[in-house]
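First the proteins, then the strands, lettered A, B, ... as listed; each starts at 1.
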Number of protein chains: 2
Amino acid sequence: MDTNESVEEAIGLLQQLGLKEYEARCFVGLSRLRSGTAKTLSEMTEVPRTRVYDAVRVLESQGLVEVQHSSPQEFRAVSLEEATETLRDQYEARVERLENALDTIDIVDEGDDTPIQQVWSLSGQNGIENRTDQLIEEATDEVVLVIGDESLLTDDLADSLNEVVSNGVTLIIGALTEPLEDQIQTKVPDATTFITGLEWLHSENATEDETAIGRLLLIDRSTILVSSITSGSKEEQAIFGEGFGNGLVVIARRLMAQGLVPAHDPGQ
Amino acid sequence: MDTNESVEEAIGLLQQLGLKEYEARCFVGLSRLRSGTAKTLSEMTEVPRTRVYDAVRVLESQGLVEVQHSSPQEFRAVSLEEATETLRDQYEARVERLENALDTIDIVDEGDDTPIQQVWSLSGQNGIENRTDQLIEEATDEVVLVIGDESLLTDDLADSLNEVVSNGVTLIIGALTEPLEDQIQTKVPDATTFITGLEWLHSENATEDETAIGRLLLIDRSTILVSSITSGSKEEQAIFGEGFGNGLVVIARRLMAQGLVPAHDPGQ
DNA sequence: CCTTTTTGTGATTAATCGGGTGACTTCTCG
DNA sequence: CGAGAAGTCACCCGATTAATCACAAAAAGG
């Protein structure tokens, strides 16, 4: 809606995608013009005129802008589809090369691992999401999952759940609210669902930096992941433990036995 | 094969993907260790010990490593699959947001366009590739394509070609060598192929900064794209013109009539 | 043809960021 | 309790990047 806001956002995103500020400004500037000269661009983007040339040159070498070598020379941005496709290609190529490089390396050295009680923490919505999916896919016996916020019920997650349930794994999913439970039953029809009775899971009054429950995942009764979301920063943080004897896991099992999952049977 | 080399490459790639040097070093360091402390990591990666903590914290917040809050605390990298998946997600999210932002903007202002003869230049393998594909898909009548190097015959390109040929567009593809022609007939069976007789298209003796032909694309006899590859830098550069009256296009048509495409009939 | 303005290049300065180091507090363990 | 390791901070300095300026080349326009 608000163009100015979107412009700023686009500039920021382009910088996150690796462009410098001037390059980003020039690109969105050109995106709003069918075509423009250095002067036009400079006026519209606040980029010093003499620096427009450098910026555009970089953009051209990345396939985001085309240049007409006349005098004065004119610039124009490639179409939105071409631009995003180019960016995607670029990134995909890098990630693939990274995969290969790390693959040929992975030859680990000294095993610096202590096979005792371990509790790891990780944060970032994305990373936690991926870890969740992976853990679910590795389950052989039982998956217990409690979801605290509907935004966490992604399609990828549903895919993982449906895949594992089709392999004969028992799937028990809890929700904090009834509407959420309905959503779950729609996306993962084969799961046994329930509404958790643990009040402390609910995000109280949404005060400042109140901490709400994110997910709670128990795999084969021996691996657990619990995450929370601070309502202010919306950053998700998780702790994660594995091993049947792991303290965290033991607590989780006890918790479960007590009433998190009401008697293990569906409905009510 | 050579681990050391791969390590360096991985570090470079991670930096291109947005990590700082220390972060990149720490991540590949942890990738070779099942788990490690700040000291271990510092020794292995040449990152000052006191800075390992910052770096790892950032990595954790991005979902690339997990931390055990013991003393001394231990770090470990997530699996290769999780890491690449996380990176992909992150990027995809950014590109999508960019798409939206630019979409709400695109409301162009003053049309600063000159509808006269225009020849644009663009560079970068990726961008040129995308432009090529897009132009092909827009063809309504005829596509003439000459490919100068087999590396340019990508799957995406073949897809575009096959798609457009199924819409009844005449497709004529030239190659510089016979093996290349064979490849083309395999990937795009419905195309009429030939071997170009234009000697200057061939990359002479591969001297220093010799310039070899990349692609030559003529769409509906009114839009043309010609690219070259400097053998040294392997950078691809292209010029691009549209409009039936465009000078560049006129030359291309004449060139074609002369013998680029031998009499327009298949084989020999 | 000469003047004036615009265009493009290059060098130069200023500010920011990231790599690198060391001081200092806290913790662990003998 | 004391030595050494772990962890946190604050700082320095070099490189990158934003920003300005000086100047040559080229158009525009009398």
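- A side-chain donor from one of B:Ser121 and A:Glu60 sits under 3.5 Å from a side-chain acceptor of the other.
- With respect to the salt-bridge test (charged N to carboxylate O, under 4.0 angstrom), the residues B:Arg97 and A:Glu9 qualify.
- For the pair A:Arg49 and C:dT9, the criterion of a side-chain N or O lying under 4.0 Å from OP1 or OP2 is not met.
- Rounded to an integer number of Å, the gap from CG of B:Asp54 to C1' of C:dT21 is 13 Å.
- Within 4.0 Å of A:Arg25, counting heavy atoms only, lies no atom of the nucleic acid at all.
- Within the 4.0 Å cut-off from OP1 or OP2 of D:dG7, at least one side-chain nitrogen or oxygen of B:Tyr53 is found.
- Regarding B:Phe75, its CZ atom lies at a distance of 11 Å from the P atom of D:dA6, rounded to whole Å.
- Heavy atoms of A:Pro48 sit under 4.0 angstrom from at least one base atom.
- Nearer to the 5' terminus of DNA chain D, by closest-nucleotide assignment, is the contact made by B:Lys39 (compared with the other of B:Arg51 and B:Lys39).
- Taking atom CD of residue B:Gln73 and atom C1' of nucleotide D:dG7, one finds them 7 Å apart after rounding to whole Å.
- As rounded to whole Å, 10 Å separates atom P of D:dG7 from atom CD of B:Glu74.
- Of the candidate nucleotides D:dG7, D:dT8, C:dT7, D:dG7 has the atom nearest to the side chain of B:Pro72.
- Applying side-chain hydrogen bond (donor to acceptor under 3.5 Å, both in side chains) to A:Ser227 and the options A:Glu236, A:Gln125, A:Gln237 leaves one that passes, A:Glu236.
- For C:dG22, its base sits under 3.5 Å from the side chain of B:Thr50 at one donor and acceptor pair at least.
- Between the CG atom of A:Leu19 and the P atom of D:dA18 there is a distance of 11 Å, rounded to whole Å.
- Rounded to a whole Å, the CD atom of B:Glu21 is 12 Å from the C1' atom of D:dA15.
- Where A:Lys20 and A:Ser71 each meet DNA chain D at their nearest nucleotide, the meeting point lying more 5' is that of A:Lys20.
- In this structure, the CD atom of A:Glu23 is 12 Å from the C1' atom of D:dT16, given to the nearest Å.
- Distance, A:Glu43 CD to C:dT6 C1': 12 Å, rounded to whole Å.
- For the pair B:Arg131 and B:Phe240, the distance from NZ or CZ to the six-membered ring centre is under 6.0 Å and the angle to the ring normal is within 45 degrees.
- Counting only N and O atoms by type, the side chains of B:Glu129 and B:Thr154 include a donor and acceptor under 3.5 Å apart.
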